[in-house]
Amino acid sequence: MSRFFTHSIILWSKTKVRALPWQQTEDAYYIWLREIILQQTRVEQGYKYYQKFVSKYPTVFHLADAGINEVYKDWEGLGYYNRAKNLHEAAKYIVKHHDGKFPAKYEEVLALKGVGEYTASAILSFAYHQPYAVLDGNVFRVLSRFFGIKLSIDTTEGKKYFKDLAQKLLDKNQPAVYNQAIMDLGAVICKPAHPDCENCPLAEKCKAFNTQTIPDYPVKKTKKPNKKSQIFFNFLVIESDEDILIQKREEKDIWKYLYQFPVVESEKELLQIINKDLVNSHQVINSRISKKYKQKLTHRNIEAKFFEYQVKEIIVSCHFLKIKKVDLNKYSFPKIIRDYLSDKYKYLF
DNA sequence: AATTCGGGGGA
DNA sequence: TCCCCAGAATT
């Protein structure tokens, strides 16, 4: 059975259309960049970021020498911003401890910030043709369906079982071809919804297909009753002719280290923002303001409301940052905020 | 072991 | 509008 599985996947991959250009490289640094960008990210979305990073940071030295704020800025809109931080720290680590040469041992690669088992296996197999089977969402799905595995993929026991199975099925003579093939099959044929079983080379012996139970796989233990309370982000647009106030989001928070306009967060919709709210959030602002309701944004459990204020006199303490409006583009904003602002305040961006 | 991080796509 | 996707770090 495993012979059929591995052989069919390899054969299928040879019939596919040419791979994307970024799948051709065998440079570990580029593969590392690609795999970090692709974590939880669709190929269509990630590709332009990959191109940007490759051209701007052609070697690990370029990346290590860059400032973290610049890396954040280049990552803007991609999400999971800790990846940018880990990427930068790992680049500096590689320069310092590996003399800028990308490590080629599994344990060394796994030790890099932001690199887990999947990414380490991907790098080792694609760059160095070492026999490490990748285990990502695609592989979980393909294996669970084909073999009819009812073990949950999000338990320690399940992960171990799938990892051992994946490693057993790996074509040790061509780990790069095999790993790419099984992930492609999961992405193109064995999709989460509406899989294209008619064109699947594995269908003939696929347990889920033959028992009409495809929607049952993969099995997961976690239930997600994700009904969270709303948070209102009441952003303040406080500006003078040349300057504007922004704020850096602090640690242990969504959008950590990214910038935004000063905000008053609330559980309910605020009828008005008064100076007391600002004082309570440890920001002292003395001003005469007038409020104008602008627009509501919804992002998951977040409703962001924008207001516009005309400010006569501003005395600010703490961590508000007064910057030139022309420099606004140097700061990395969360996507929904950037999208809204760049559309609404074209004169600023 | 459970939770958090974020954007995109589809029902 | 809601639901789903899913690697790595953190708690």
Side-chain angles (χ1 to χ4, degrees), chain A residues 31-50 72 75-90 93 109-124 132-144 151-160 162-163 166 179 183 186-188 190-196 214-231 233 249-258 260 296-304 332-340:
Chain A
I31 290 172
W32 170 59
L33 271 182
R34 182 188 77 192
E35 292 301 333
I36 297 295
I37 287 172
L38 280 186
Q39 286 168 4
Q40 290 82 45
T41 305
R42 314 177 82 84
V43 170
E44 311 83 66
Q45 191 202 0
Y47 189 44
K48 56 181 180 293
Y49 285 85
Y50 174 79
Y72 270 123
W75 203 269
E76 184 182 62
L78 195 53
Y80 288 101
Y81 297 92
N82 247 345
R83 290 184 294 173
K85 181 165 174 280
N86 289 332
L87 189 77
H88 187 237
E89 288 180 7
Y93 183 91
V109 176
L110 188 62
L112 299 173
K113 291 266 180 111
V115 174
E117 291 187 354
Y118 162 77
T119 306
S121 295
I123 293 170
L124 268 288
Y132 291 92
V134 293
L135 185 54
D136 74 342
N138 292 304
V139 179
F140 273 122
R141 196 166 54 248
V142 172
L143 295 186
S144 66
L151 228 45
S152 297
I153 65 172
D154 53 356
T155 62
T156 305
E157 184 192 9
K159 281 174 185 156
K160 167 130 180 53
F162 277 91
K163 187 181 176 184
N179 277 339
M183 289 194 289
V188 174
C190 199
K191 297 174 287 188
H194 313 300
D196 186 13
I214 288 172
D216 297 344
Y217 299 98
V219 176
K220 291 177 192 172
K221 183 170 74 78
T222 55
K223 319 302 168 197
K224 40 196 68 175
N226 266 344
K227 210 53 185 177
K228 297 187 175 176
S229 57
Q230 284 184 328
I231 302 173
F233 286 174
R249 295 193 69 90
E250 295 303 330
E251 206 156 352
K252 285 183 179 265
D253 195 12
I254 190 174
W255 297 322
K256 174 165 66 168
Y257 303 137
L258 271 62
Q260 64 188 6
K296 181 176 85 172
L297 282 184
T298 303
H299 173 72
R300 288 171 159 262
N301 57 323
I302 294 166
E303 285 195 11
S332 184
F333 282 58
K335 179 108 169 40
I336 59 162
I337 297 175
R338 164 74 67 178
D339 285 351
Y340 175 82

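Sequence lines set the chain letters: A, B, ... in the order given, protein chains first and strands last, and positions in each chain run from 1.
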In Å, rounded to the nearest 0.5 Å, how long is the span from CG of A:L112 to CD of A:E89?
-> 11.5 Å
Check whether any side-chain N or O of A:T41 sits under 4.0 Å from OP1 or OP2 of B:dG6, and answer yes or no.
-> no
If you take atom types as modelled and just measure distance, does the side chain of A:Y80 reach the base of B:dG6 with a donor-acceptor pair under 3.5 Å?
-> yes
Atom C1', compared across C:dA9 and B:dG8: separation rounded to whole Å = 23 Å
Describe the nucleic acid contact of A:T155 in one word from base, sugar-phosphate, nothing, applying a heavy-atom distance below 4.0 Å.
-> nothing
With a 3.5 Å cut-off and no angle check, do the side chains of A:E76 and A:Y81 form a donor-acceptor pair?
-> no
Assign each of A:F333 and A:E157 the nucleotide of DNA chain B bearing its closest heavy atom; nearer the 5' end lies the nucleotide of A:E157
Between A:K191 (NZ) and C:dC4 (C1'), how many Å, whole number?
-> 15 Å
Could you tell me whether A:D154 contacts a base, only the sugar-phosphate backbone, or nothing, with contacts defined as non-hydrogen atoms closer than 4.0 Å?
-> nothing
A:D253 side, atom CG; A:K256 side, atom NZ - distance, nearest 0.5 Å | 9.5 Å
Do the side-chain N or O atoms of A:R141 get closer than 4.0 angstrom to the phosphate oxygens (OP1, OP2) of C:dC5?
-> no
From NZ of A:K163 across to P of C:dA6 the rounded distance in Å is 19 Å
Interatomic spacing from CD in A:E35 to OG1 in A:T41 - rounded to 0.5 Å = 11.0 Å
Using atom CD of A:E76 as one end and atom C1' of B:dG6 as the other, report the distance to the nearest whole Å.
-> 13 Å
Send over the distance from A:Q40 CD to C:dC5 P, rounded to a whole Å.
-> 13 Å
A:I254 has its side chain closest, among B:dC5, B:dG8, C:dG7, to B:dC5
Between atom OH in A:Y217 and atom P in C:dC4, what is the gap in whole Å?
-> 19 Å
Identify whether any heavy atom of A:F140 sits under 4.0 Å from a base atom; if not, whether one sits that close to sugar-phosphate; answer base, sugar-phosphate or nothing.
-> nothing
Flag if over 12 foreign heavy atoms under 6.0 Å of NZ, A:K191 = yes
On DNA chain B, check which nucleotide each of A:T156 and A:K335 is closest to and give me the residue with the more 5' one.
-> A:T156
Under 3.5 Å: donor-acceptor pair, side chain of A:D154, backbone of A:K221 = yes
Side-chain N,O (A:W255) to OP1/OP2 (B:dT4) below 4.0 Å | no
Side chain to side chain contact (heavy atoms under 4.5 Å, CB included) involving A:E44 - partner list, sequence neighbours excluded | A:R42
Those residues that, when tested against A:Q39, pass side chain to side chain contact (heavy atoms under 4.5 Å, CB included) (two or more places apart) | A:I36, A:R83, A:T119
What dot-bracket string describes DNA chain B from 5' to 3', counting Watson-Crick and G-U wobble pairs whose defining distances are under 3.5 Å, with [ ] for crossing pairs and | for pairs to another strand?
-> |||||.|||||
Starting at atom NZ of A:K256, determine the distance to atom C1' of B:dC5, rounded to an integer number of angstrom.
-> 9 Å
Pairwise side-chain contact, A:V188 with A:D196, heavy-atom cut-off 4.5 Å (strictly under) = no
Between the protein and nucleotides 9-11 of chain B, list every N/O to N/O distance that falls short of 3.5 Å.
residue	atom	partner	partner atom	Å
B:dA11	OP1	A:H194	NE2	3.1

Counting side-chain heavy atoms from CB outward, which of B:dG7, B:dC5, C:dC5 is closest to A:K220?
-> C:dC5
Within this structure, what is the CG-to-P distance between A:L38 and C:dA6, rounded to whole angstrom?
-> 13 Å
Nucleotide C:dG7, atom P - distance to CD of A:E117 in whole Å | 12 Å
Here the gap from A:N82 atom CG to A:L87 atom CG, rounded to the nearest 0.5 Å, amounts to 11.5 Å
Supply the atom-to-atom distance A:E157 CD to A:F162 CZ, rounded to the nearest 0.5 angstrom.
-> 11.0 Å
Sequence neighbours left out, what passes ring pair (Phe, Tyr, Trp, His ring centres under 6.0 Å) with A:Y217? Give chain and number order.
-> none
Is A:Q45 touching bases, backbone alone, or none of the nucleic acid, heavy atoms closer than 4.0 Å?
-> sugar-phosphate
Just how far is it from atom NZ of A:K160 to atom OG1 of A:T155, taken to the nearest 0.5 Å?
-> 12.0 Å
Distances for protein N/O vs nucleotides 9-11 of chain C N/O pairs under 3.5 angstrom?
residue	atom	partner	partner atom	Å
C:dA9	OP1	A:G114	N	2.5
C:dT11	OP1	A:K252	NZ	2.4

With C1' as the reference atom in both, quote the distance from B:dG10 to C:dG7 in angstrom, rounded to an integer.
-> 22 Å
Phosphate OP1/OP2 of B:dA2: any A:K221 side-chain N/O under 4.0 Å = yes
